[in-house]
Amino acid sequence: MVTAIFGSVELGIIYAIMALGVYLSFRVLDFPDLTVDGSFVTGAAVAATMIVSGYSPITATVVAMVAGFIAGCITGSLHTFGKINPLLSGILMMIALYSINLRIMGRSNVPLLNSDTFFTNIRSLWGNTGIDEFLNNIFSTIGLGAFVPRTWGIIFIMLIVTFAIKIITDLFLKTEIGLAIRATGDNKRMIRSLSANTSGLVILGLGISNAMVAFSGALIAQHGGYADVGMGIGMIIIGLASVIIGEAIFGTRTIAWTTFAVIGGAIIYRIVVTLALRVEFLETGDLKAITATIVILALITPKFIDGYKDRKRKKQKMLKLGSLQSANEKGDQRATFNTD
């Protein structure tokens, strides 16, 4: 059980990069971008194909990000220059990417089991540091030796990578261009009246968003040891679930805090899915239903909580008004009695 949770934390950290991309398009730009289901696979397909062809994992991952950026820019161009509905633009690009991804891979599945990937390099380098032995000895000393992961390297390195992307995103959204992108998502007419190029801002924002998604897809392919043309189905729901769960639990005080909440939401989502799949009557094929249920609960629960708080406040207000009214009536009665 504990080993499975460590594995889910690893995946959650990697998927958090994709969730940050979804946050950028859905929350910052207010653009329902369904390209995610396709660009995630594009990142995985490009990385896997290049690694199998002999390129280094880092080079393959960077090229995968570029491919995702191009896919996002095309979606933005379809909307801004083609005047196509944003939802339809994402759907059209997602459908086109299915064929493109098949072309890139040349088949429906590309295995990486016998290839050097980003994570195999981490394991080999991390094993020489002796950090695993040091940490495992500490856990064994306190009686938790059975609860340690196979290696701590992936979690530590991916935390560094994910939080580096988070910090870069936070800093970017505070720049002049980043503020313009945020303003475009809030009120496109207002920012256009200030002579800002909203079309270019939308294209740039969607490009960056899908670059993050493709980066996450490339890492997931290297982590799982394969790239498959169907691995992106429902990915947009996973991203939304991470964003919604994070916002519901941690709140949205500032941009920096919200991006942290998205990362936390991605990790919590993977842990919840892992625990749900441990239930006897649930199977691996129920993953999408579990995801939909989690999103529904994450959307409905805050509304019920807010409704309960509103009713409680109204009740307290009515009681207060009632007590004040009764006090006034008693005061009037005393005044009448004294007059008589």
Side-chain angles (χ1 to χ4, degrees), residues 11 14-52 60-82 84-110 112 165 202-224 226-243 262 266 287-288 291-292 295:
L11 286 174
I14 301 173
Y15 277 113
I17 301 172
M18 181 269 297
L20 287 172
V22 173
Y23 165 76
L24 189 61
S25 60
F26 270 83
R27 285 289 190 260
V28 177
L29 269 177
D30 193 24
F31 192 102
D33 185 21
L34 296 185
T35 312
V36 171
D37 283 14
S39 59
F40 184 86
V41 184
T42 301
V46 170
T49 303
M50 291 187 66
I51 290 173
V52 170
T61 305
V62 171
V63 175
M65 289 182 64
V66 174
F69 180 83
I70 293 172
C73 289
I74 293 174
T75 301
S77 299
L78 289 175
H79 169 62
T80 56
F81 297 115
I84 300 175
N85 179 275
L87 190 62
L88 185 57
S89 300
I91 293 174
L92 290 172
M93 194 60 204
M94 177 185 65
I95 294 172
L97 283 175
Y98 184 86
S99 298
I100 294 171
N101 295 333
L102 279 175
R103 283 281 187 174
I104 293 172
M105 293 190 291
R107 46 185 168 167
S108 61
N109 186 286
V110 176
L112 294 171
I165 293 174
V202 170
I203 293 171
L204 177 62
L206 291 178
I208 296 173
S209 169
N210 283 278
M212 292 183 185
V213 173
F215 181 51
S216 178
L219 294 178
I220 288 294
Q222 296 176 67
H223 184 274
Y226 71 95
D228 188 88
V229 73
M231 65 189 299
I233 297 175
M235 202 54 59
I236 185 63
I237 300 300
I238 295 175
L240 283 175
S242 302
V243 172
V262 171
L287 179 60
K288 301 303 180 185
T291 301
V295 174

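- If you take CD1 on I91 and OG1 on T75, they are separated by 11.0 Å, rounding to the nearest 0.5 Å.
- A distance of 9.0 Å separates CG of L112 from CG of N109, quoted to the nearest 0.5 Å.
- At distances below 3.5 Å, not a single donor-acceptor pair connects side-chain atoms of S216 with backbone N or O atoms of V213.
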### Task
Start with the C-alpha distance between T61 and Q222, add both sets of side-chain angles, then the distance that settles side chain to side chain contact (heavy atoms under 4.5 Å, CB included), and finish with yes or no.
CA-CA 10 Å; T61 305; Q222 296 176 67; 3.0 Å; yes

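- The minimum heavy-atom distance linking S25 with L206 is given by the pair CB-CD2, 4.0 Å.
- Taking both residues in full, the closest heavy atoms of S77 and I203 are given as OG-CD1, 3.6 Å, listed atom of the first, atom of the second, then distance.
- For the residue pair N210 / T35, no side-chain donor-acceptor distance below 3.5 Å is found, with atom types taken as modelled.
- Scanning both residues, L97 and G38, for their nearest heavy atoms gives CD1-C, 3.5 Å.
- Atom-to-atom distance recorded for L29:CG and Y23:OH is 10.5 Å, nearest 0.5 angstrom.
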### Message
Go through it in stages, so that I can follow the logic: the residues are F215 and V62, the test is side chain to side chain contact (heavy atoms under 4.5 Å, CB included), and I'd like the CA-CA distance, side-chain angles, deciding distance and then a yes or no.
### Response
CA-CA 8 Å; F215 181 51; V62 171; over 6 Å; no

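- Looking at every heavy atom in both residues, I51 comes nearest to A60 through CG1-CB, 3.8 Å.
- With rounding to the nearest 0.5 Å, the separation of CG in L34 from CE in M93 is 13.0 Å.
- A side-chain contact (heavy atoms from CB on, under 4.5 Å) with Y98 is found for one member of N101, I100, L102, I95 and no other, namely L102.
- The minimum heavy-atom distance linking A218 with A64 is given by the pair CB-CB, 3.9 Å.
- Ring-plane geometry between F31 and H79 is classed as perpendicular, the angle between the planes exceeding 60 degrees on a 0 to 90 degree scale with a lower cut at 30.
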### Task
List the steps, then state whether side chain to side chain contact (heavy atoms under 4.5 Å, CB included) holds for V243 with F26.
CA-CA 9 Å; V243 172; F26 270 83; over 6 Å; no

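- Not a single donor-acceptor pair under 3.5 Å links the side chain of S209 to the backbone N or O of G205.
- Although no hydrogens or angles enter the test, the distance criterion places a donor-acceptor pair under 3.5 Å between the side chain of D37 and the main chain of I236.
- Once rounded to the nearest 0.5 Å, the distance linking CE of M65 with CD1 of I208 reads 9.5 Å.
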### Derivation and outcome, side chain to side chain contact (heavy atoms under 4.5 Å, CB included), residues L11 and I220
CA-CA 8 Å; L11 286 174; I220 288 294; 3.9 Å; yes

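- Rounding to the nearest 0.5 Å gives a distance of 11.0 Å between CZ of F69 and CD1 of I74.
- Between I17 and M212, the shortest heavy-atom contact is CG2-O, 3.5 Å.
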